Amino acid sequence: MDIPSKYEPQIVEDHWYNYWMDNKYFHSIPDSRKPYTIVIPPPNVTGILHMGHMLNNTIQDVLIRRARLLGLNACWVPGTDHASIATEAKVVARLKEQGIDKKDISREEFLDHAWEWTHEYGGVILEQLKKLGCSCDWDRTKFTMDDDMSASVIKVFIDLFDKGLIYRGYRMVNWDPQAKTTLSDEEVIYEERKGELYYLAYSIEGSEEKVTIATTRPETILGDTAICINPNDDRFRGLKGKKAIVPICNRVIPIIEDEYVTMEFGTGCLKVTPAHDENDKLLGEKHKLETIDIFNEDASLNSFGLHYEGMDRFDARKAIVKELKEKGFLTKVEPYVNKVGTSERTKVVIEPRLSDQWFLKMENLAKPALSAVLETREVKFYPRKFENTYRHWMENIRDWNISRQLWWGQRIPAYYYGDGENDFVVADSLEAALVKAKDKSGNAGLTAEDLKQDEDVLDTWFSSWLWPISVFGGIMEPDNKEVTYYYPTSDLVTAPDILFFWVARMIIAGYEFRGERPFDNVYLTGIVRDKERRKMSKSLGNSPDALDLISKFGADAVRVGLLLSSAAGNDLLFDEALCQQGKNFANKIWNAFRLVKGWEITETPQPESSLKGIEWYAARFNQVLTEIEDHFSKYRISEALMAIYKLVWDDFCSWLLEIVKPAYQQPIDKKSYTAIIAIFENNLKLLHPFMPFLSEEIWQRISDRKPSEALVISSWPELESFNANQIRAFEFTAEVISGIRNIRKEKNIPLRETLELSVLNKEGINEDWDVVIKKLANVGQINIVTEAVDGALSFRVRSNEYFIPVAGMLDIEAEIKKIREELSYTKGFLESVNKKLANERFVNNAPESVVTMEKKKAADAEAKILTLEKSLSNLE
RNA sequence: GGAGUGUUAGCUCAGCUGGUUUAGAGCACCGCCUUGACAGGGCGGGGGUCGUUGGUUCGAAUCCAAUACACUCCACCA
């Protein structure tokens, strides 16, 4: 037999992946079958595979492979996302290395570089997914900047604009001074930072008085245009109507009153800087204040920064504090912890900034998406706890800032023909824009040269929210065969941190653009963390390299390792030891295969024990299959895997194979062999979604298969009814075998030494299973006795008592001790049951079935006590 | 500040609408086995008063309340 004694994944995996690809098993086209569709959460085009992707895509692959086996038309659409901020940042950095500054090149040149980058690195992550075994339909691979995908985005923008849902507004937005773009509210991460609260004294015009305010951002005083006090604050009564003088720039600013000011906080006086704080902006509008923006786009100070012009905001803070101190304006500094918004992508501190941006009105769009999840449950979340989070966000939804001051992405299709606020049109091409512009302006003489397209691009998520529709061409051709067949998709598997970014918006888009949910179920995975619960991250260096893991353990083992510890919705504490467990499991299955394949077959009659074992396994298999189906229906993927793990390792390998295994170098009867092969094949079917490579390898080695007989496209076992009595009888038998093994252990009796067993049968157990006991425990003869056997070791299963005569001295003291322990446990148990039964209220109120059950427990315990006491009296 | 989730063996978790043996699994741990598929294995074993305190009930890990701790999300007052 030329089967290696250890399973070697490296050799096997590429081979079968290529085989599957060559035979186009992953490719799907619409047909008469029911579709089962997953669209991949598109990873960043320039990204590399990390543990989160591994988990996510393993789960998707399990689902899609199972669906394929279930006979559904399984379609998993892969692709990548152009990730405008992240990719642009990388391209900018790379150009910088080459000595090129983005400022010095044209938009077109920059985009050429970006495309070059995309083509160079774009496929990497998808290739990595293949190593993991992902059975995506690679012929359908999409990119969010493919021509048709971009066209969909533009079409949707125009559509929403025409519906009046997209507007342009001068608003306070989140500004990333490094990426030099705005961000949506979702892209801002608030972090606690230790800082200082500075107390500054402003002079009052025409008075010796001072007013002290507290601020965390002293550099912004240069943009102050008012001081605000609470009108109910008696302390500042004298300041009403007066004016204050801003230190350093000596600007005279009004003292205004507004109840917005919290009297208890700081000094009860607030400086108002409408250009650099959302709330101050509202105050500014209310009180008609001037707005002074003191920053450049990179958050260095502009000319309003006076002698600090050109200095970075944080350096300027230090410098200004120093000057304020020297000039006596700084009266106190105290440590202060506050939450600072940072950019999700670049990690720099966000600057609130006023600028012209494009917004999408969300309130009405959100309504159908909210009820779809919470009322009609057309879209179901697993686990359900995320529905609350979703509700909260959707009910408090704010308008979406969709413009980004970047070049990499879909350029906003707005064309300006004049300087007025409304001197623009929105159209899908310059030509169309010209027609509209002529019409809107009434100026028939406009030419293409007079039109200037908006410089900004759209938020990446403004393309990915269409993903489940646009990958099937459903925006451009809403009635095409693909989209009508595959949409709505079946399951979405993603991490909870993009619930708002992506999931919620896809649901919104689904209802808005197709009037239908984008998917039936959303499975939210946990976040992959290390053993110390730290999030896996590049900067911490605690994230193992995905491909290294695969080459070390094999893809199947890594998949098993990831899934074993990932209870639905819980974070996954990743540890390489889990992959080792997966690898051990793979090896276990491999060796079971080696054993079976090594048998010679004869036409001898089937031993009774084998028949019993095979019958029992059939029942057990169906029992476990029932559990597995239940787990899958609840998306409890790791529990489904664990059920299969135990079925294969314990029931199949440890019990069944041991039962049917012929003696060393002896052949096996044909009937048993055929049955075992069929059982093995069914096991492989269950294993395949989890361990695709190993299962296919064994499947193909078991017998010669035509391409149409590959495991990947075979069929999931059908659930059959089973006889639970058979399983109970086996459990009893297993206990007896265990009892014998214990005695062998205690007395150091090797397995090869045949034992004699006597049984005092009070349970009415029939003798069918004796053959199995004889084989597995190496028992020569089983005698039925009516009296306890003297001079024998004993054990009990329920009230049956078993005796094994041993040679030499019997340690009676030990026997007595053992029986006493058992007796005291059983008595304690009986007592607790009897306490219940003695309680009249229990007997009267509890359902009859419960009372009956308790009575049976009591009877069983009593019978056992009787047995034990009798044994004891025999010994004493 | 608001909301949510969790707290069960050393670790990670099951335990669904309260009652199937005085709580289960996997891993880890401890013994003993160079047995002929597999030492990446076998057999056996120890280990939890189910966060705390009350309450409802004939009966609570399971329901309710309070409390402590942990985590997550949202909002944000300088």
Side-chain angles (χ1 to χ4, degrees), chain A residues 1 3 5-7 190 197 213-217 220 228 260-262 264-267 269-273 277-280 336 338-339 341 383 385-386 388-393 396 496-497 499-500 527 531 533 557 564-567 569-573 575 577-578 580-581 583-599 630 634 636 638-639 642-643 645-646 653-654 657-658 661 663-665 738 741-742 744-746 748 750-752 798 825-826 828-833 835-836 839-847 849-851 853-854 856-858 860-861:
Chain A
M1 200 74 221
I3 305 172
S5 78
K6 285 182 180 173
Y7 172 61
Y190 286 90
L197 192 59
I213 57 94
T215 180
T216 53
R217 304 203 53 193
T220 63
C228 190
Y260 162 75
V261 178
T262 314
E264 293 74 30
F265 189 87
T267 62
C269 263
L270 175 71
K271 72 189 220 28
V272 185
T273 322
D277 185 280
E278 176 81 48
N279 294 305
D280 288 15
Y336 185 72
N338 65 341
K339 288 220 171 162
K385 64 178 177 184
F386 289 106
N388 277 320
T389 319
Y390 179 82
R391 174 209 303 269
H392 188 266
W393 190 75
N396 297 286
D497 49 357
L499 188 62
F500 308 136
I527 292 166
K531 274 186 284 185
R533 264 185 204 282
L564 274 178
S565 62
S566 86
N570 285 346
D571 285 356
L572 176 147
L573 274 59
D575 183 348
L578 293 164
Q580 187 60 48
Q581 194 183 342
K583 193 176 175 180
N584 293 352
F585 184 42
N587 194 55
K588 182 75 186 174
I589 301 165
W590 182 252
N591 277 292
F593 166 68
R594 282 181 62 217
L595 172 70
V596 171
K597 260 298 169 187
W599 286 333
D630 183 51
K634 292 169 182 154
R636 294 149 80 139
S638 71
E639 289 186 52
M642 184 48 76
Y645 180 92
K646 285 192 278 193
C653 294
S654 298
L657 289 183
E658 293 300 328
K661 191 158 120 182
Y664 183 53
Q665 287 187 336
S738 227
R741 281 174 179 164
N742 262 328
R744 282 188 184 277
K745 176 127 297 193
E746 277 165 32
N748 256 322
L751 185 61
R752 72 184 97 85
R798 274 185 242 155
Y825 174 89
T826 314
F829 173 70
L830 178 63
E831 203 180 320
S832 79
V833 176
K835 224 156 88 185
K836 267 191 217 171
N839 187 333
E840 256 180 65
R841 283 184 296 184
F842 169 71
V843 180
N844 294 334
N845 294 319
S849 63
V850 174
V851 179
M853 180 62 68
E854 292 300 313
K856 183 172 186 311
K857 280 198 241 168
D860 285 352

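All of these numbers come straight from a predicted model, not from anything done at the bench. To find a chain, count down the sequence lines: A is the first, B the second, and so on, and within it residues start at 1.
Separation of the P atoms belonging to B:G47 and B:U35 is 30 Å when rounded to the nearest angstrom. Spacing of P atoms, B:G45 relative to B:A70, comes out at 40 Å, to the nearest Å. Comparing the same atom, P, in B:G2 and in B:U52 gives a spacing of 27 Å after rounding to whole Å. Annotation: B:C63 and B:A39 have their C1' atoms spaced 49 Å apart (nearest Å). Distance check on atom C1': B:A61 versus B:C13 gives 14 Å, rounded to whole Å. Comparing the C1' positions of B:G15 and B:C71 gives a spacing of 22 Å, expressed to the nearest Å. The gap from the P atom of B:A14 to that of B:G51 amounts to 14 Å, rounded to the nearest Å. B:C76 and B:U17 are spaced 37 Å apart, taking the P atom of each and rounding to whole Å.
Rounded to whole Å, atom P of B:C58 lies 17 Å from atom NZ of A:K835. Going from atom CZ of A:R217 over to atom C1' of B:A78 covers 11 Å, rounded to whole Å. For A:Y390 and B:U72, the OH to C1' distance is 19 Å, given to the nearest whole Å. Straight-line distance from the CZ atom of A:R752 to the P atom of B:C33: 13 Å, rounded to whole Å. Atom CG of A:D571 and atom C1' of B:C13 are 13 Å apart (whole Å). Distance A:R391 CZ to B:G2 C1': 15 Å, rounded to the nearest Å. The distance between atom CG of A:L657 and atom P of B:G42, rounded to the nearest whole Å, is 12 Å. Summarising the geometry, the separation between CZ on A:R744 and C1' on B:G42 is reported as 14 Å, rounded to the nearest angstrom.
As judged by a 4.0 angstrom heavy-atom cut-off over every strand, A:P847 is placed among the base-contacting residues. Using a 4.0 Å heavy-atom criterion, one finds that A:L751 contacts no nucleic acid atom at all. When heavy atoms are screened at a 4.0 angstrom cut-off, A:C653 is found touching base atoms of the nucleic acid. Base contact: A:K339 has a heavy atom under 4.0 Å from a base atom. Looking at heavy-atom distances under 4.0 Å, A:Y825 makes contact with a base. Using a 4.0 Å heavy-atom distance criterion, A:T262 is classed as a base contact. At a threshold of 4.0 angstrom between heavy atoms, the contacts of A:N587 include nucleobase atoms, whether or not backbone atoms are also involved. A:K646 comes within 4.0 angstrom of the backbone, heavy atoms only, and of no base.
For A:F842, the side-chain atoms get nearest to B:G19 when compared with the rest of B:G26, B:G19, B:G44. Checking B:G19, B:C73, B:A78 against the side-chain heavy atoms of A:E854 singles out B:G19 as nearest. When the nucleotides B:C58, B:A37, B:U22 are ranked by their closest atom to the side chain of A:N845, B:C58 comes out on top. The A:V850 side chain lies nearest to B:G19 when the options are B:A37, B:U12, B:G19. When each of B:A78, B:G41, B:C58 is scored by its nearest atom to the side-chain atoms of A:R841, the top-ranked nucleotide is B:C58. Taking the side chain of A:H392 as heavy atoms from C-beta on, and the options B:C74, B:U5, B:G44, the nearest nucleotide is B:C74. Looking at the side chain of A:M642, the nearest of the listed nucleotides B:A37, B:A78, B:G26 is B:G26. If you check B:A37, B:C32, B:G40 against the side chain of A:K745, the one that comes closest is B:C32. Distances were taken from every side-chain heavy atom of A:K857 (C-beta onward) to each of B:C58, B:U21, B:C38; the shortest belongs to B:U21. Closest to the side chain of A:A846, from the set B:G42, B:G19, B:C38, is B:G19.
Residues A:K271 and A:R217 come closest through the heavy atom pair CE-O, 4.0 Å. When all heavy atoms of A:K6 and A:N587 are compared, the pair lying nearest together is CA-OD1, 3.7 Å.
Expressed to the nearest 0.5 Å, how far CG of A:N396 lies from CZ of A:R391 amounts to 11.0 Å. Between atom NZ of residue A:K597 and atom CD1 of residue A:I3 there is a gap of 7.0 Å, rounded to the nearest 0.5 Å. Separating the NZ atom in A:K661 from the SG atom in A:C653 is a distance of 10.5 Å, to the nearest 0.5 Å. With rounding to the nearest 0.5 angstrom, the CG atom of A:D280 is 5.5 Å from the CG atom of A:L270.
Remark: A:Y645 is in phosphate contact with B:C27, judged by side-chain N or O atoms under 4.0 Å from OP1 or OP2. For B:A78, one of the phosphate oxygens OP1 or OP2 lies less than 4.0 angstrom from a side-chain nitrogen or oxygen of A:Y336. For B:G44, the OP1/OP2 oxygens have a side-chain nitrogen or oxygen of A:S738 closer than 4.0 Å. Residue A:K836 has no polar side-chain atom (N or O) positioned under 4.0 Å from OP1 or OP2 of B:C58.
By the 6.0 Å contact criterion, CD on A:E278 is enclosed, its count of non-hydrogen atoms from other residues, nucleotides or ligands being greater than 12.
The closest donor-acceptor contact from the side chain of A:D277 to the backbone of A:T273 lies at 3.5 Å or more, if one exists at all.
Of the nucleotides present, B:C30 is the one that pairs with B:G44 by Watson-Crick or G-U wobble criteria, both distances under 3.5 Å. Base pairing of B:C76 is not made with any nucleotide, judged by Watson-Crick or G-U wobble geometry with both donor-acceptor distances under 3.5 Å. Taking a pair to require two hydrogen-bonding distances under 3.5 Å in either a Watson-Crick or a G-U wobble arrangement, B:G36 remains unpaired. Under the Watson-Crick or G-U wobble criterion, with both distances below 3.5 Å, B:U12 is paired with B:A25. Base pairing annotation: B:A61 forms no Watson-Crick or G-U wobble pair, as no partner gives both donor-acceptor distances under 3.5 Å. The nucleotide B:U52 finds its pairing partner in B:A66, both defining distances of the Watson-Crick or G-U wobble pair being shorter than 3.5 Å. Base pairing of B:G18: no nucleotide in any strand meets the Watson-Crick or G-U wobble criterion (both distances under 3.5 Å).
Taking the six-membered ring for Trp and thresholds of 30 and 60 degrees, A:W590 and A:Y7 have ring planes inclined between 30 and 60 degrees apart.
For the pair A:K583 and A:V261, nearest-nucleotide mapping onto RNA chain B gives the more 5' position to A:K583. When the nearest nucleotides of RNA chain B are assigned to A:I589 and A:N839 by heavy-atom distance, the more 5′-ward of the two goes with A:I589.
For A:E658 against B:A37, a side-chain-to-base donor-acceptor contact under 3.5 Å is present.
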